[in-house]
Amino acid sequence: MQKRIFSGIQPSGVLHLGNYLGAIKNWMELQDKYESIFCVVDLHAITVPQKPEELRQKTIEVAKIYLAAGINPEKSTIFVQSHIPEHTELAWILNTITKIPELERMTQFKDKSQEFRQHLNAGLFNYPILMAADILLYDTNLVPVGEDQLQHVEIARTLAKRFNTTFGKTFVIPEPFVVKEGMRIMGLDNPAQKMSKSASSKYNYIALTDSPEKIREKIKRAVTDSGKTIKYSDDQPAIKNLINIYALLDNAKPKDIEDAYHKKGYAEFKKDLAEVIVDFLKDFQLKYNDIDDKEVMSILQQGAEKLRPLAEKKMEEVKEKVGLI
Ligand code: TYM
C-alpha cells in the first residue's frame, strides 16, 4: 500500500520563503511518491487574535498558494481543516491522554504566550493536540514540515503510542520529514532567528507576494557576516542562510554556490540571489493570479468529500476503543 503524507499551513500572516522552502517545496516533490493530504489549518489560526473577513480570505489564499506552487489536485487532496469535524472530535479525546507538562514544554507555546500575553487562551495551549489529531486521523506515515514543527510531530508520536498502549493498536506512528537546507530558513535581518510571518520587521522575510523591487531591496538590506568571503559555514550564519535559499531555489547544492562565488564579493552574490528569487516568484505569482477563487472552493469541497469517509471510519474505531457507545 502507498504510504501517506499529511501536512498543513495556518491561514494567518503572510506566507514567506521559509514556508515554501521548509514545507511546500518538499510536498510538491513528495506528492508523486506518496498519497498526499494537504490541509489549510483554519482552526489553528483562530488561536491568536484574528479578523473573520481576513481569515476567510487567507484560507482561500493558502489553498491558492498550494496550487500555484505545484500541488496537483488530481494527485493530492487539498482541504480545509474545519470542513471535517472529526479533527476537533479526535482532539478532544487526545486531550484526555495528554499530560499538561508535555504541553508546557512546547517552544511555540512559550513564544506565542509571550507575544499574545493579553490573549492567552486554552486553544493556544492545546494547539499541539489538534495538530496530533490532524495527523493521526488519516493514518499518516510521514509529516513534511520545517524544524519548528518537529516538537509538535513528536507529541503526535507520543500520543499515538500512548493511545495504542492503553486502548489497543489504533494509530499509525508518524515520522517527521525535513530537508536539511530548508528546515530552518533564518530571518534576513537576524540570522539567529527563523524567518517568521509574525516578525516585527518586513525586512525579516520575503513574502511569496513580494514585488521584484521589494525583493531586491530586502536582499540588499539582508545582514551579512563580518567576513568577506562567500563561505558555507556555521561561522557565517547570515551567508549560510542566503546560500541555502539560493541553492534550494536553483536546485543546486550549497557547495556548488560556494564554489561559483569563491572569488566574488557579497554585492555580486546578493545581486544574483535577488534575481534568482525574483524569477522564481514571478513565475509563482503568475500562476497564483491565474487561479480562480471558485475553482479553489470546488477543489476544497471535493477534498473534504474524499476524506470524510476516512475520518468517520477512524473516529468510529477510536470511540469504540475508548468505550463510547
Ligand atoms: P505554520 O503555518 O507556522 O508553518 C507552515 C510550515 O512552514 C514551516 N516553516 C518554516 N520552515 C523553514 N524555515 C522557516 N523559517 C519556517 N517557518 C515556517 C513550518 O515548519 C511548517 O511546516 N502547526 C503548523 C501547522 C499544522 C500542521 C498540522 C503541520 C497544523 N496541523 C499537521 C503538519 C501536520 C504550523 O503552525 O505551521
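Counting starts at 1 for both ligands and their atoms, following the listed order. What you see is a predicted model; the values in this text were computed from it and never measured.
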Legend entry - Shell of residues surrounding ligand 1, defined by a 4.0 angstrom heavy-atom cut-off that is strict: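 Those residues closer than 4.0 Å to ligand 1 by some heavy atom are F6, S7, G8, I9, Q10, H16, G18, N19, G22, A23, V41, H44, Y127, M131, D134, I135, V143, V145, G146, D148, Q149, G182, M183, R184, I185, K194, M195, K197.
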Inset, instruction - Decide if the gap between the ring center of F109 and the ring center of H152 is smaller than 6.0 angstrom. - result: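 They do not qualify: ring centres at least 6.0 Å apart.
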Legend entry - For F269, ring-ring contact (aromatic ring centres under 6.0 Å, His included) partners two or more places apart: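 With sequence neighbours excluded, F269 shows a ring-ring contact (aromatic ring centres under 6.0 Å, His included) to Y246, Y261, given in chain and number order.
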Inset, instruction - Could you tell me how the ring of F284 sits relative to the ring of F280: parallel (under 30°), tilted (30 to 60°) or perpendicular (over 60°)? - result: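 Aromatic pair F284/F280 classed parallel.
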Inset, instruction - Look at the aromatic rings of F6 and Y138 and report parallel, tilted or perpendicular, splitting at 30° and 60°. - result: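 Because their plane-to-plane angle is under 30°, the rings of F6 and Y138 count as parallel.
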Legend entry - Face-on cation placement of K64 at Y288 ring, 6.0 Å and 45° thresholds: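 Positive - K64 is close enough to the ring of Y288 and near enough to its axis.
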Inset, instruction - Tell me, with the steps shown, if I93 and M315 meet side-chain contact (heavy atoms from CB on, under 4.5 Å). - result: CA-CA 10 Å; I93 291 181; M315 257 337 279; 3.9 Å; yes
